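Contents: one structure, followed by commentary.
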Amino acid sequence: MKKIAVIIAAMYFAMPVVHAAAESIPYSEILPLCEGKGPHVKVSTQIDGRTLEGSCQIGFKPHDPRTLEGYTIQEPTIQNACKGQARASTVVIHLAGKAVPGKCDLVFKIHRSR
């Protein structure tokens, strides 16, 4: 019984660390991961010594990647920009009072641990 409690406690405290680490990855580092790949292609990469697994899904890709410097891959405005949009749709998002033009294209999305 104590072993089960220890395992559950370890999982409880370890999982937020994994999510926090993934959420701290700059958006600019993941933009090139799906170039030349098709939808739902599985991708594995190492960033800052961490292995991330995910796939290429439709998401926001800015015309100028420098406009997203300082933002992470989990920024809600970026994550929701292409919901319900077709690939190649033109989209403009607003971050910190600035308009950021882009399009819906294939971008890397991290697979979350269950």
Side-chain angles (χ1 to χ4, degrees):
M1 191 67 164
K2 286 183 181 180
K3 286 182 182 180
I4 293 173
V6 170
I7 291 170
I8 291 172
M11 288 175 55
Y12 177 78
F13 289 109
M15 289 185 79
V17 173
V18 171
H19 289 283
E23 291 170 356
S24 67
I25 297 166
Y27 195 76
S28 59
E29 289 190 37
I30 59 108
L31 277 176
L33 294 177
C34 288
E35 288 179 6
K37 293 184 174 60
H40 308 290
V41 170
K42 293 182 189 234
V43 177
S44 180
T45 188
Q46 275 203 308
I47 297 177
D48 295 333
R50 295 173 282 182
T51 300
L52 301 174
E53 294 182 359
S55 61
C56 298
Q57 311 251 332
I58 292 179
F60 181 73
K61 193 169 197 176
H63 293 313
D64 181 0
R66 295 175 295 174
T67 58
L68 295 182
E69 285 180 6
Y71 291 96
T72 65
I73 61 176
Q74 297 302 316
E75 176 69 37
T77 303
I78 297 169
Q79 288 291 309
N80 296 325
C82 290
K83 284 194 175 176
Q85 301 287 331
R87 189 172 175 191
S89 296
T90 300
V91 178
V92 176
I93 63 172
H94 298 279
L95 294 169
K98 293 182 186 176
V100 180
K103 66 180 179 176
C104 297
D105 201 354
L106 294 178
V107 296
F108 179 74
K109 300 255 178 133
I110 293 174
H111 290 168
R112 296 288 182 187
S113 301
R114 292 185 176 104

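Everything numeric in this text was worked out from a predicted model, so none of it was measured.
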Reported NZ-to-NE2 distance for the pair K109 and H40, which is rounded to 0.5 angstrom: 11.0 Å
With a 3.5 Å cut-off and sequence neighbours excluded, list the donor-acceptor pairs that the side chains of residues 55-62 form with protein atoms.
residue : atom : partner : partner atom : Å
S55     : OG   : Q57     : NE2          : 2.8
S55     : OG   : H111    : NE2          : 3.1

Inter-residue atom distance K83.NZ - N80.CG, 0.5 Å rounding: 4.5 Å
Separation between CZ of F108 and CG of L52, rounded to the nearest 0.5 Å: 5.5 Å
Closest contact, heavy atoms only, A81 versus V91: O-CG1, 3.8 Å
Spacing of L68 atom CG and I93 atom CD1 [to the nearest 0.5 Å]: 5.5 Å
Nearest-0.5 Å distance, CG of residue L33 to OG1 of residue T45: 5.0 Å
Point-to-point distance, once rounded to the nearest 0.5 Å, from CZ of R87 to CG of L106: 3.5 Å
Apart from V41 itself, residues in the same hydrophobic cluster as defined by side-chain heavy atoms under 4.5 Å: none
Min side-chain heavy-atom separation V43-E53 under 4.5 Å: no
